[in-house]
Amino acid sequence: VNASEFRAQFPVLHRLAYLNAGTDGPLPAAAAQAADAELRSEAEHGRAKQHFERRGELSEALRALYADALRCPSADLSLTTCTSEGLAIVIDGLRLKAGDEILSSDEEHPGLLGALAAAQQVDGVSVRLAPFMEIAEHVGPHTRLIACSHVSWITGRACPAQLGEVEVPLLLDGAQGAGAIPVDLSALGCDAYSGAGQKWLCGPDGTGMLYTTPELRSRLAVKRRGYGNLADPDQGLQARLHDDGRGLDTLSLSAETLACALAASGTLQQHGWRQVHERARSLSGCLREMLANAGREVISGSAGTIVTFASPDPLQERERLASAGVILRDIPRKPWLRASVGAWNDEHDLQRLIDALAR
Ligand SMILES: Cc1ncc(COP(=O)(O)O)c(C=O)c1O
């Protein structure tokens with residue numbers, strides 16, 4: 001499959017210069033069809049034993065696919081409904097208390113800040129925010145966890161490599177990493193990595209994945225239990241959690257969501273992760289150059305797939321771009337716009353953005 005055949009699998013790109021995967025990726029046609037087929041089958045055949053077996057099979061297939069995307073063992077991968085849920089599973093599970101500290105950064109998304117605020121407000125944990133590129137230097141005697149982005153949703157910068165060498169457990173928010181750039185968990189040195197299914201992996205909303213090392217997992221308390229994560233749910237009060245990544249699974253994912261996610265991320269996997277990452281990187285490099293040539297200050301100088309640039313009036317400009325068929329987002333409280341560039345985009349999308357900005 002060449003780049004244009006690959007692109008043709010995303011219906012939204014027939015009409016729009018869609019540069020918004022950092023929010024929600026473009027959904028491949030095959031993903032919509034897979035969800036539709038699943039629902040039709042449920043409507044026609046009902047939802048009995050076979051339906052539950054089917055959900056189990058789809059879950060294991062999706063776990064394997066996400067594990068392939070993150071290059072980790074399936075056994076260390078849990079299925080979640082979103083990045084935020086995975087982050088909260090780890091932060092809540094550590095049962096930190098007053099006197100303990102979580103170190104985070106000044107470039108975090110509400111998806112992580114929410115769980116940190118809960119730790120602070122509900123459990124009295126202290127939360128300290130350091131400049132994103134300097135977090136490693138701010139670890140203190142009471143730091144029990146470092147929780148920060150792998151890739152900043154604001155600037156697209158990747159977290160500093162020194163973080164992996166710090167002794168304190170490291171939880172990475174991979175919302176802008178998983179599917180966007182190659183993720184090397186051992187090089188990152190993280191103990192947990194939470195990603196989104198709906199962003200750079202192009203799946204439906206309500207999907208995500210959480211990687212944890214067995215050591216970290218063994219330390220996490222899991223208070224939400226049910227069919228979704230129990231090894232022997234029929235054992236009543238004696239029922240135990242799965243002892244691998246399944247033990248942290250979210251409690252219920254529908255067959256249509258699972259099938260949709262499988263077909264969506266499967267479209268990327270079939271194209272090849274390396275091709276997907278390299279093309280996204282090279283196109284985002286092109287866009288940085290085009291923006292600079294067009295006289296726009298580019299905020300994200302890094303090699304990532306997020307291209308943030310200055311805008312005199314981001315809200316108004318975003319609307320104007322949308323009416324010209326160019327979809328991107330603003331960054332709250334900053335005079336900036338953010339374009340997310342994926343392998344599904346092409347030079348024509350980038351030129352449409354530049355032309356619409358000039359108008
Ligand atoms: C860095 C970062 N973290 C967390 C989130 C929240 O993601 P989710 O909706 O998958 O919980 C986002 C979403 O934009 C994000 O960019």
Side-chain angles (χ1 to χ4, degrees), residues 18-27 62 66 69-70 77-92 102 104-119 127 129 132-133 135 145-160 163 170-181 183 188 190 192-211 248-250 253 257-258 260-261 264-265 280 284 299-300 302 304-308 318 327-334 336-342:
Y18 190 80
L19 299 164
N20 203 35
T23 302
D24 267 288
L27 199 63
L62 186 60
Y66 284 160
L70 293 188
L77 219 277
S78 312
L79 297 176
T80 64
T81 56
C82 59
T83 317
S84 314
E85 185 184 29
L87 295 168
I89 286 171
V90 175
I91 292 172
D92 292 349
I102 304 177
S104 187
S105 98
D106 58 354
E107 282 191 33
E108 301 309 327
H109 185 275
L112 172 59
L113 292 173
L116 295 179
V127 176
L129 306 183
F132 184 53
M133 298 310 288
I135 315 177
L145 176 72
I146 303 176
C148 68
S149 296
H150 173 204
V151 175
S152 162
W153 69 293
I154 300 175
T155 61
R157 293 186 293 190
C159 64
L163 269 185
L170 174 62
L171 164 64
L172 289 178
D173 174 344
Q176 303 298 345
I181 60 171
V183 175
L188 287 167
C190 64
Y193 189 99
S194 181
Q198 80 279 11
K199 296 180 187 289
W200 298 93
L201 287 163
C202 298
D205 292 317
T207 51
M209 78 290 317
L210 173 66
Y211 158 82
L248 302 183
D249 275 358
T250 198
L253 286 167
T257 299
L258 291 162
C260 183
S265 305
S284 43
I299 311 302
S300 31
S302 68
T305 55
I306 283 179
V307 182
T308 303
R318 167 173 137 163
I327 309 303
L328 40 64
R329 69 159 295 172
D330 59 295
I331 302 287
R333 297 185 302 280
K334 298 270 190 199
W336 297 343
L337 287 173
R338 182 187 83 180
S340 301
V341 185

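Every number for a ligand or one of its atoms is a count from 1 in the order of the listing. If you read the sequence from its start, that first residue is 1, and numbering goes on from there.
- Annotation: side-chain contact (heavy atoms from CB on, under 4.5 Å) contacts of Ala115 (sequence neighbours excluded): Ala88, Ile91.
- Note on residues 104-117: pairs passing side chain to side chain donor-acceptor pair (under 3.5 Å), not counting sequence neighbours, are Ser105-Glu108, Glu107-Ser152, Glu107-Thr155, Glu107-Arg157, Glu108-Ser149.
- Among all heavy-atom pairs drawn from Asp24 and Tyr18, the shortest one is O-OH, 2.6 Å.
- Not a single donor-acceptor pair under 3.5 Å links the side chain of Lys199 to the backbone N or O of Gly25.
- Within 4.0 Å of ligand 1, heavy atoms belong to protein residues Gly22, Cys82, Thr83, Ser84, His109, Trp153, Asp173, Ala175, Gln176, Ala196, Gln198, Lys199.
- Closest of all the heavy-atom pairs between Leu70 and Ala178 is CD2-CB, 4.0 Å.
- Looking at residues two or more places apart in sequence or on another chain, you find no ring-ring contact (aromatic ring centres under 6.0 Å, His included) involving Tyr66.
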